[in-house]
Structures are given as C-alpha cells and as structure tokens.
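Structure first, commentary second.
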Amino acid sequence: MKTQKRLLSLMLVVALMTILFGAMTTTVTGSAQKPTYFRVDVGEFYYAVITDNNELKLSGFSFVFGLDRQYYGSFEDNTPFDQDVVSISNGRYLKTDGSLWELTDFATKYCIEKSGVVEVGPGYYIMDDGTIVGNYQLRPQIDPDVVPPAGKMVAFSKATEVNGYPFELHSGTATWAIAVCTDGSVWTQGSYEIEMHDQYDYDENGNWVVTWQDETINPIETDWYERTITVTPPVSTNKVVRDISTSIYTNPHTMSIVNNTLYGAGHGTDGQLGWGFFGSAYSPAMAETAPYGTIDNVQKVSAGNRFTLALKSDGTVWASGYNEEYGTLGNGNKENQKRFVQVQGLTNVIDIAAGKRHSLALKADGTVWAWGSSSNGQLGQGNRVPCMTPVQVKSPDGSGYLNNIRKISAGSDASYAITNDHKLYAWGNNYHGQLGDGTTIEQLRPELINIQNVKDIVAAQDFVIAVMNDSDGSLMSWGRDTYGCLGQYSVLDTTAVQPGYVMKGYNSKLTGIVSVSAGADHCAAIDKYGKLWVWGRNNAGQLGEGGTAPRNYAAHAKNINGNGDLCDVMKVSCGKWYTMAVLTDGTVLGFGSNERGQLGVGTMGGANRLLPVVTQF
C-alpha cells in the first residue's frame with residue numbers, strides 16, 4: 001500500500017512538472033537589451049515568482065494534513081495570487097504596506113503581521129523597530145569548498161554558471177532548485193521524488209551547513225534543464241534614469257530617479273530610503289513624502305551618510321533619514337524621518353549635495369546654503385555651531401556671502417563650490433589635505449584655492465577629484481591616497497596636499513573625461529566615448545574588472561561577460577565598496593559589495609559582484 005501511494009505521488013509530481021513547465025511565457029518590463037529578474041521562492045513541490053510589477057504568481061503541488069492536494073497556477077493567468085508583494089522566503093511574503101503573509105494549504109494565505117515588517121528571510125522576519133522574530137542566525141550557510149553532487153543544489157549556494165550564464169537569482173530546497181540567469185532564462189535542477197536525511201549540520205563556528213548526505217527513494221534526477229518560462233524584454237522602453245546616487249559611508253544605500261519617481265535600496269534603518277519604514281530594502285522601493293504620498297517630479301538626488309536629499313522640479317528640497325544629532329534634514333528638529341520631509345526655507349534651488357553630517361544647496365541666484373553639523377566649519381559660518389535649518393554660506397572674510405556659484409559638492413565634513421568663471425572655493429575639514437590649499441589646516445569659512453579652470457568637482461570622504469575645464473578633459477585629485485584612489489600612479493596609502501593629474505599609466509594622464517564619481521576609496525570616470533575608467537580600492541570588486549586587486553591608475557571596467565570594455569555608460573556613482581552605472585538604454589548595472597542590498601538585485605549579501613550585473617533600478 002505504501003509503495004502504491006509513493007508511486008502515485010511520484011506520478012502526480014511528474015505530471016505536475018509536465019504541466020508546470022509547459023509552453024508558458026511571461027513578459028516583464030525592463031531594459032530593451034537586458035531583462036530584469038524575477039524574485040523566486042521554491043518549496044518542496046512548488047515555486048513562486050514575484051514579477052516586476054510586484055505580482056505574486058504560484059505553481060505547484062503540496063501535501064496538506066496527510067492528504068494529496070494539487071494546485072496548478074498559470075503564469076499566463078492575468079489574475080495573480082496576490083499583488084504589491086516585494087519579497088518572499090520559505091512560503092512567507094512581504095507586501096509594500098509592511099504586512100507579512102504565509103502560504104497555508106497553497107491555495108490560501110494567512111496574515112501573520114498586519115504592518116511593520118521590513119524584512120523576511122528563511123526562518124525569521126524583522127519588524128521596523130528592529131525586533132527579530134524567529135532565528136536570524138539559522139540561514140543556511142553553504143561551505144564554499146564543497147561542490148554539490150551532480151543534480152543537487154540548494155538555496156544560498158556559491159556562485160556558479162548555468163549554460164554559460166552566471167546566476168543572478170538562485171533558490172531551492174534540498175530536492176530541487178530554480179535559477180534565473182542573466183540572459184533572462186529560467187532553469188531548474190534536482191530530483192522530483194527524493195528524501196534527504198541529515199542534510200544539515202553545524203560547523204565549528206555554529207553555522208548551519210549542508211553536508212550532502214542523501215538517501216533517495218525512487219529519484220528522478222535531472223541536470224540543469226532550461227524551462228520554457230522566459231523573461232522576454234519589451235521591444236522598446238520608456239525607462240529614463242535621470243539620476244543615481246550612492247552613499248560612500250558605512251551601511252550604504254543607493255537612490256535612483258526613474259521617470260521622475262524616486263527609488264531606494266540598501267541600508268535603511270534610519271529612514272534614508274524614504275519608503276515609509278525604518279528598514280532596509282533589497283529591491284528598489286518607491287520613496288514617499290510625509291505623512292503619506294508619492295514624492296514625484298524629482299530632478300536630482302544625493303545620498304549622504306544615513307540620510308538622503310532630493311531636489312524637485314519646483315526648486316524645493318526634501319530629505320529623509322538620520323536627523324538626531326545635528327538636524328541634517330534641515331526641517332528644524334532632530335527626529336529621524338522614514339518619509340521625505342521638506343527642508344525649511346529653501347526655494348529656487350538648482351543643485352544639492354549631501355555630505356557625512358551636513359548638507360548643501362545651490363540657489364539659482366548663485367548663493368550657497370548649508371545646514372547640519374559644523375564640527376569642522378563645513379557650514380561656512382566662521383564657527384562650529386550646528387544649524388537645524390539652512391543658513392547662507394558666508395564670504396571668505398565673513399563680511400558678506402559667497403555668490404556667483406555654479407556647482408557644489410559635500411564630502412566628509414568639508415564643502416566645495418565652483419564659480420561661474422571656474423574658480424574653486426573650499427572650507428571645512430582638511431586633516432588629509434582634502435581642501436587642496438597645500439596645508440592640513442581646517443577652514444571655518446570659504447577660501448579661494450589655487451587651482452585654475454575647474455569644471456566639476458566630486459568630494460569623497462578624505463579626497464577630491466576635479467574635472468578640469470581644459471581642452472583635453474583631464475582630471476586632478478588631492479587628499480588621502482588610500483589604495484590608489486587618487487589615481488596618480490603613486491605609492492599606495494600616501495597623502496597629496498597639492499593637486500596632481502589622474503593617470504592611465506606611467507607618464508600618461510587620463511584625458512577625454514566628461515564626468516567622474518568618487519566612492520569611499522575608489523573612483524570611476526566616463527570618457528567622451530561612453531567607456532568607464534576605474535581606479536582605487538577593489539576589495540569587493542567595485543572596479544568591475546573581475547578581480548580584487550587595487551589599482552593606482554585608471555583602467556577600463558569590463559562588461560557583464562568580462563570579455564570587453566564596459567561601454568555606453570551615461571551616469572556613474574561610486575559608493576562604499578560598490579559602483580552603479582547607468583547605460584544609455586536605461587539599463588542600470590551594479591558591481592562590488594551587496595552587503596546591505598545596495599545593488600538592488602533583490603538579495604542581500606552573498607558573493608561580491610566582481611563584474612557588472614543588471615539591477616532592478
């Protein structure tokens with residue numbers, strides 16, 4: 001009888017897989033050249049996907065209370081199982097309103113938490129007040145030295161390739177797995193009828209690992225096999241990425257403006273993503289205004305240290321995130337904000353810059369305004385008094401105000417402004433010579449720096465990169481040269497208090513640059529041909545070269561496949577050990593660390609991306 005029942009189950013499962021992976025297709029929005037990805041959850045005999053419009057769709061089979069029950073979902077069915085879903089793990093899924101739901105008998109759902117959930121994972125979920133429900137430590141940890149046997153794969157395994165394409169998403173159980181590849185195809189692997197015993201154990205550090213001890217009963221084994229469910233990119237796209245900004249500080253986050261709407265991903269426990277929760281997001285979440293509402297018509301965004309600034313088309317400035325110590329958000333109080341609030345008293349603003357603990361705004365009349373911390377004089381007031389609302393930056397002698405400014409930048413407690421005739425002012429922290437005045441003495445008010453003809457400037461933590469307004473498009477850099485971030489072909493970990501040229505080799509300076517970005521200790525620049533040049537620290541693959549060796553001179557980043565230069569780059573932003581690049585077709589790429597989910601690929605942590613991957617921004 002038992003044998004007959006098992007045979008019946010086996011036949012049902014085989015029938016399921018035949019129906020499940022028949023001629024089914026679905027189309028999701030994305031780039032015209034590179035598709036965006038599903039988010040996938042796999043059970044013992046089912047799987048679920050979240051499409052790009054946040055619809056949850058299911059297909060599969062489950063055993064309920066000892067009875068065999070079948071449920072077949074169709075990906076061609078226009079009626080999803082649920083909507084507004086942002087993530088799913090082990091049968092529990094999180095919605096945009098912060099509610100947490102669980103699949104019960106697979107044809108129904110049950111609400112576990114009505115609101116306040118910011119993350120769901122295997123065996124746990126996290127509330128917006130930081131409470132962890134379940135065991136956060138019981139994430140399966142795959143031993144990187146153990147290669148799974150043929151036909152076996154589980155969730156969270158090390159990076160591998162399927163049919164020559166690297167994984168972007170990878171999920172599964174001990175019996176079978178599903179993967180979505182970078183070309184958009186969907187693959188499965190495993191046994192449809194298999195019992196695994198003692199497959200989990202603990203290593204000497206107490207991590208839950210897979211020991212690959214299996215006992216099978218009538219297994220039907222498969223190698224990686226491509227299914228006919230494909231992610232088909234549209235013929236054309238209306239996706240326009242207007243701006244992208246990354247945080248260069250600890251616990252980074254990424255903000256992007258897509259078709260005038262603001263999205264954020266990465267670390268968000270201080271509210272810096274502005275999506276209504278004090279929690280992180282591993283897929284891009286839409287930002288909101290307080291108390292509730294969409295923040296629209298955003299023209300520029302700047303990600304600071306645990307806070308974000310946004311400039312709207314009407315010239316107003318909005319902010320979200322950390323506000324407790326210095327009033328960095330400029331709204332007159334010291335309360336952290338999980339949605340964007342308006343900065344007080346600012347109109348006709350044309351540029352913004354978020355620093356480590358202070359903020360800058362440039363008005364259309366050429367005046368500069370600042371707020372937040374002034375511990376090193378970065379507000380330009382001649383003192384160290386913090387301001388919770390914007391104040392106008394004073395002139396060098398303190399008798400008037402700085403004017404005739406066309407460009408601003410904010411670094412780690414230092415500020416910079418370029419005049420309409422391409423002169424440079426700097427003030428604030430100068431411990432590593434980052435003001436470029438040849439000293440390490442801080443300045444409490446703006447001083448004119450002896451650097452001529454500056455077109456653009458980007459301030460990092462302790463160093464600066466400037467695009468020169470010359471005929472050959474060269475770059476100059478100064479400050480702390482950690483891991484070669486100045487790109488001057490010099491000895492690593494030195495300090496340059498005087499500007500020097502960024503090089504692309506010995507005695508050959510980098511030229512033809514139209515824009516540049518500086519991260520914590522690495523840089524990226526776009527040349528006039530749309531190619532991306534990178535240099536500096538590379539511990540997490542943030543240079544996109546396929547390795548982790550630092551570089552003290554500029555070289556080309558590689559494309560997704562690693563077999564050529566990265567081309568057609570329109571925008572670039574360097575963060576804390578990662579880089580984001582926007583291509584001319586609207587595709588957004590990320591490479592480097594994803595420790596906080598800042599790449600926006602739908603997951604957190606895992607292996608560093610040593611080559612560019614397509615993100616969900």
Side-chain angles (χ1 to χ4, degrees), residues 243-244 300 350-351 353 362 366 368 402-409 411 415-426 433-438 446-460 463-479 481 484-490 496-519 522-536 543-544 551-557 564-574 579 581-584:
D243 196 16
I244 192 165
K300 184 176 177 60
I350 60 174
D351 197 11
L362 173 63
V368 181
L402 199 62
N403 55 41
N404 195 36
I405 302 302
R406 62 181 296 272
K407 184 71 178 179
I408 56 175
S409 185
S415 303
Y416 304 83
I418 302 173
T419 66
N420 285 318
D421 54 355
H422 303 292
K423 294 179 181 179
L424 176 65
Y425 285 94
Q434 58 263 50
L435 296 187
D437 61 357
E447 66 166 336
L448 186 63
I449 307 301
N450 188 26
I451 303 172
Q452 303 298 320
N453 217 16
V454 180
K455 179 180 180 180
D456 196 4
I457 193 166
V458 178
F463 70 99
V464 175
I465 304 289
V467 182
M468 307 309 294
N469 189 44
D470 52 24
S471 59
D472 58 3
S474 60
L475 297 177
M476 300 195 80
S477 59
W478 59 92
D481 193 12
C485 60
L486 297 187
Q488 295 182 6
Y489 214 94
S490 56
V497 297
Q498 296 285 358
Y501 284 107
V502 174
M503 310 297 285
K504 62 180 179 181
Y506 179 73
N507 205 29
S508 177
K509 67 179 182 180
L510 182 62
T511 59
I513 300 303
V514 296
S515 66
V516 66
S517 178
H522 78 288
C523 298
I526 305 172
D527 67 18
K528 59 186 178 181
Y529 303 107
K531 289 189 176 183
L532 191 67
W533 296 80
V534 290
W535 63 94
L543 300 188
R551 182 177 291 279
N552 62 355
Y553 62 93
H556 284 129
D565 296 338
L566 183 57
C567 301
D568 300 322
V569 180
M570 179 177 63
K571 296 178 184 295
V572 65
S573 185
C574 299
T579 304
V582 182
L583 304 186
T584 54

Keeping the roles fixed (side chain from Asn403, backbone from Gly366), state whether a donor-acceptor pair exists under 3.5 Å.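 No, the answer is negative, given that no donor and acceptor are paired below the 3.5 Å cut-off.
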
Is Asp527 reaching over with its side chain to a backbone N or O of Tyr529, donor-acceptor style, under 3.5 angstrom?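 Such a contact is found between Asp527 side chain and Tyr529 backbone.
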
Is there a side-chain contact between [X] and [Y], using heavy atoms and a 4.5 Å cut-off?
{"X": "Ile457", "Y": "Val467", "result": "no"}
{"X": "Phe463", "Y": "Gln434", "result": "no"}
{"X": "His422", "Y": "Arg406", "result": "yes"}
{"X": "Met468", "Y": "Val454", "result": "yes"}

Distance, nearest 0.5 Å, that separates [atom1] of [X] from [atom2] of [Y]:
{"X": "Gln488", "Y": "Leu510", "atom1": "CD", "atom2": "CG", "result": "12.5 Å"}
{"X": "Ile405", "Y": "Lys423", "atom1": "CD1", "atom2": "NZ", "result": "11.0 Å"}
{"X": "Ile244", "Y": "Lys300", "atom1": "CD1", "atom2": "NZ", "result": "12.0 Å"}
{"X": "Lys528", "Y": "Thr511", "atom1": "NZ", "atom2": "OG1", "result": "7.0 Å"}
{"X": "Tyr489", "Y": "Tyr506", "atom1": "OH", "atom2": "OH", "result": "9.0 Å"}
{"X": "Ile465", "Y": "Leu486", "atom1": "CD1", "atom2": "CG", "result": "6.0 Å"}

What closest approach, in Å, do [X] and [Y] show between heavy atoms, and which atom pair accounts for it?
{"X": "Gly433", "Y": "Trp478", "answer": "O-CD1, 3.4 Å"}
{"X": "Ala524", "Y": "Val572", "answer": "CB-CG2, 3.7 Å"}
{"X": "Ser409", "Y": "Ala459", "answer": "OG-N, 3.0 Å"}
{"X": "Leu543", "Y": "Arg551", "answer": "CD1-CB, 4.0 Å"}
{"X": "Ala525", "Y": "Leu475", "answer": "CB-CD1, 4.0 Å"}
{"X": "Ile449", "Y": "Tyr425", "answer": "CG1-C, 4.4 Å"}

Does His522 form a side chain to side chain contact (heavy atoms under 4.5 Å, CB included) with Val534? I'd like the steps, not just the answer. CA-CA 8 Å; His522 78 288; Val534 290; 6.0 Å; no

Intermediate values then yes/no, side chain to side chain contact (heavy atoms under 4.5 Å, CB included), Lys504 and Tyr553: CA-CA 5 Å; Lys504 62 180 179 181; Tyr553 62 93; 5.5 Å; no

Show your reasoning for whether ring pair (Phe, Tyr, Trp, His ring centres under 6.0 Å) applies to Trp533 and His556. CA-CA 5 Å; Trp533 296 80; His556 284 129; 4.0 Å; yes

Can you tell me if Asn404 has over 12 outside heavy atoms packed within less than 6.0 Å of its CG?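 Above 12, so yes.
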
